[in-house]
Structures are given as C-alpha cells and as structure tokens.
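In what follows, a single structure is set out as structure tokens and then discussed.
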Amino acid sequence: MKKIIIAAAVAAAVPALAHADVTVYGSLRAGISSTKNSTNNYTSTFGVDDFGSRIGFKGNEDLGNGLKTIWQVETGLSMDGTVVVGTTDSGKLASRESFVGVEGGFGKLRVGYLTDVLGDSESTDNLYGPFRDNMGTGFPLYEATDVFGAYGDSRFKNGIRYDSPDLYGFNLTAHYGAGESQTAGQMKQGDKVGLRLAYQNSGFFGSWAYAGAMNTKGGSNSSTNRIEGGYNANNLYLAATYQWVTLYGNAQALPGIASLTPTIATGGNKLENQTWAVNLAYAFGNFKPSIVYSKRGDAKVDGVRYSLGATQWAAALDYTVSKRTLLQAGYGQVKENRDAQFANGHAKDTSSTIWAMMKHNF
C-alpha cells in the first residue's frame, strides 16, 4: 500500500515540476590536501577536504512578449562532513547566489543575495582550494585578503542587480546592497554599490569593476577598483588583473598591529594599496597546466607606508575525465612581508598547500 501511495505522489509531482521548468544542478568537489599555515603551527597537516561544493535549483516562466520570470536558489555544502566556521558558502539554505527577477530585451533585473561585480571579475583565478587553507594559497591576493579583510569577491546581501544585454560585445552591470541599519546620531552604514563594464569578442575580454561600501568612516567610502583583460581561445588562456583600493577600518583589530613602527593610531584608519596578478594556462588533449602569480603591494595606513605586502603563486594540472568530471592537482604558497606577518600574528612568513581533488558537475 505504501509503495502505491509513493508512486502516486511521484507521478503527481512530475507534471508539476515540468510545468514549473525547474533545473537541479550542482558541483561536487572533494579531495585531499596537506596544509602548512598558522592554524596548524606551520606543520604539514594532511586532511580530506571540500573544495567549494554546491547544489542549486533554478527555473523560469514565460510571461509573453519576450519577458520571463527567472529564479535561483543555490546552497553551499561540505562534502567532507564538516561545517566550515566563518563562511557563508556552507551550512544553510540559499547560502550562495539566490534570487528572483525578470529578464527580457532590456536585460536582467534581479533581487536577492547576488554575486557582486568583483566576483564577476576574477579572470586570473581558475584554480581550486580546500576550505582548510586559511591563507588561500591557490588564489590571487586581490580576493578579499587585504589587511582590513573582506570587501568584495562574494555576494551583496539585500541586493538589487541590473545586467544589460550585450551591445557589440559590451555589457553593463549595476548593483546595490541595502545596509538596512543606522545607529542613532550617525550616518547610515552598510550600503554597498557596484558597477562593471565588460567587453568580450573573438577570444579577447576585458572589464572594469568598482565596488564601494558607503560611510565606513564618517562620510568616507571604502572603494575597490579592478581592471582585467586577456585572451581565451585556441587552447590558450592568458589573463592579467590590476586592483587599487582605499579602505577604512580598525587596524587595531589585527593581533600584532602594535609591533609596527611607527605606531598606528587607534580608531578608524585609512588603507591604500595595489595588487596585481597574472594567469597562464594551455590545454592539450585532456590536460591543462596553469600557473597564477600575484603580488600585493606595501600598503599605506594613514599616509604611512608599511611592509604589509605579500607574494603568492600556485601551479596546477587539470585532467578532463569527461564533460562533467575534472581532476586537479596543485601546489600554492603565500609569503608575507615583515609587517604583514607581524600584524597578523603569524609565527612564520610563508604558508603553503598541496592538493588533489575531483570535481563533478551535474
């Protein structure tokens, strides 16, 4: 009797799903790694890791006259059975890009938890990394790893995003994230804005992206500008990125900041810095070796330059097993300059990770 009821329920659900035009998709990514960083006292530690797995549901509905409703709910998950503390990518429903909106000849307009314009401007990032790698050794240093922490390369909460249609290879993105809070007697904080202009044609691509956080110190706004460009055709991938930032934050929150000379003032501080990266890959047969190199400059804090820079490099080899399955093995390291090491309270200046992983998309 139970089997009959279950079969009837499935039969009833199938037409409903077909009518709703729902697509289930995802990417399962797991592997092994050996990390050497501050969390394990710079002793090589072997582990089984997740490498950014996710599952999602998306769909659309034709509204007529070239207009349709679009929606998506995407959730991060940990294939190694752990819950990653401090990340928004794993552990709860809609922890990744999720939205509802409309699309037509005018472009796309969406509302929700949406990828920011810096997250769309990562052409020099094509490697993977385990969650245990707290230094991000496989990723370019412009990705939210400056001295004052995260400022982009993720998603805007409470977001409204517009993406224009392509026009002669160009497209425009405008993005707003509402802060939804204001302390009594102070300016509203937490609002974020993003703009991006991109071009792609005949293998060549490029973009400029701006992300700003409003009123992070009085009426001053934190800002990130990034330009990138490259070529992707004929089995060759070549990309370069340059970024400059003006960020406001509390330098005293860093564990070893008091060791820097001259002494950094308490309260809100202003940081100015630049970062650049290059990425090269070439595919032959099922193999694709790639290398990324990036360098963060020695930042100015309140107008004084400190050796807060770092150098990162990583190399990896991809092997395409099938249309949906990929194997990757790689090694990456980050070396911090003197003041960056001391400000972050790190016992050593170099962190490294070696990894091997499998990715299967569905």
Side-chain angles (χ1 to χ4, degrees), residues 17 22-35 37 39-40 45-59 70-99 110 112-116 118-140 143-145 150 152-157 159 279 281 286 288 290 292 314-332 351-362:
L17 289 174
V22 178
T23 299
V24 181
Y25 68 95
S27 183
L28 305 180
R29 309 173 182 184
I32 57 175
S33 69
S34 180
T35 61
N37 53 43
T39 60
N40 52 34
T45 305
F46 174 84
V48 175
D49 290 289
D50 183 82
F51 286 70
S53 299
R54 73 285 307 266
I55 186 171
F57 308 87
K58 61 184 178 180
I70 54 175
W71 63 271
Q72 176 177 298
V73 178
E74 186 172 296
T75 300
L77 54 94
S78 296
M79 292 293 292
D80 58 353
T82 63
V83 176
V84 183
V85 178
T87 178
T88 60
D89 279 352
S90 180
K92 64 179 182 180
L93 188 66
S95 60
R96 295 179 59 86
E97 186 170 62
S98 302
F99 60 82
R110 295 174 289 167
Y113 187 37
L114 294 151
T115 300
D116 64 48
L118 297 180
D120 285 335
S121 308
E122 299 176 349
S123 65
T124 44
D125 171 14
N126 66 3
L127 304 184
Y128 300 96
F131 276 137
R132 291 189 310 123
D133 181 11
N134 68 336
M135 292 297 290
T137 57
F139 306 112
E143 288 193 32
T145 54
D153 291 283
S154 181
R155 290 163 285 277
F156 282 180
K157 295 181 179 179
N279 183 203
N286 291 359
K288 186 178 76 171
S290 59
V292 58
L317 177 65
D318 292 355
Y319 179 76
T320 301
V321 179
S322 67
K323 184 178 180 180
R324 297 178 179 272
T325 302
L326 174 78
L327 304 178
Q328 184 181 94
Y331 171 86
S351 300
S352 64
T353 301
I354 184 169
W355 72 89
M357 56 85 70
M358 172 183 286
K359 180 184 75 169
H360 178 75
N361 294 335
F362 62 91

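Predicted model, so just to flag it, every value in this text is computed and none were measured.
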Donor-acceptor pair, [X] side chain versus [Y] backbone, under 3.5 Å?
{"X": "Asp49", "Y": "Gly31", "answer": "no"}
{"X": "Ser98", "Y": "Glu74", "answer": "yes"}
{"X": "Asp318", "Y": "Leu326", "answer": "no"}
{"X": "Arg96", "Y": "Gly56", "answer": "no"}
{"X": "Thr75", "Y": "Ala94", "answer": "yes"}
{"X": "Arg324", "Y": "Ser322", "answer": "no"}

Let me see the working for Phe139 and Asp153 under side chain to side chain contact (heavy atoms under 4.5 Å, CB included), right down to the final yes or no.
CA-CA 12 Å; Phe139 306 112; Asp153 291 283; over 6 Å; no
Could Lys58 and Tyr25 be counted as a cation-pi pair, given that NZ or CZ must be under 6.0 Å from the ring centre and within 45° of the axis?
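Judged by the rule, Lys58 and Tyr25 form a cation-pi pair.
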Quick one: pull up CD1 in Ile55 and CG in Leu77 and give me the separation to the nearest 0.5 Å.
7.0 Å
Roughly how far apart are Phe131 CZ and Phe51 CZ, rounded to 0.5 Å?
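Reported to 0.5 Å precision, the distance equals 10.0 Å.
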Show your working on side chain to side chain contact (heavy atoms under 4.5 Å, CB included) between Met135 and Asp133 and close with a plain yes or no.
CA-CA 5 Å; Met135 292 297 290; Asp133 181 11; 4.0 Å; yes
Looking at every non-hydrogen atom in both residues, tell me the closest pair between [X] and [Y] and how far apart they are.
{"X": "Val292", "Y": "Gly138", "result": "CG1-O, 4.1 Å"}
{"X": "Thr124", "Y": "Asn279", "result": "CA-CB, 3.6 Å"}
{"X": "Val48", "Y": "Asp80", "result": "O-OD2, 3.4 Å"}
{"X": "Asp50", "Y": "Arg29", "result": "OD1-O, 3.2 Å"}
{"X": "Met79", "Y": "Ala30", "result": "CB-CB, 3.9 Å"}
{"X": "Glu97", "Y": "Thr115", "result": "OE2-N, 2.9 Å"}

Side chain to side chain donor-acceptor pair (under 3.5 Å) between Asn134 and Thr39, intermediate numbers included
CA-CA 8 Å; Asn134 68 336; Thr39 60; 4.6 Å; no
Hey, does [Y] have a side-chain heavy atom less than 4.5 Å from the side chain of [X]?
{"X": "Thr320", "Y": "Lys288", "result": "no"}
{"X": "Ile354", "Y": "Tyr331", "result": "yes"}
{"X": "Tyr319", "Y": "Val321", "result": "yes"}
{"X": "Phe362", "Y": "Leu28", "result": "yes"}
{"X": "Met358", "Y": "Leu327", "result": "yes"}

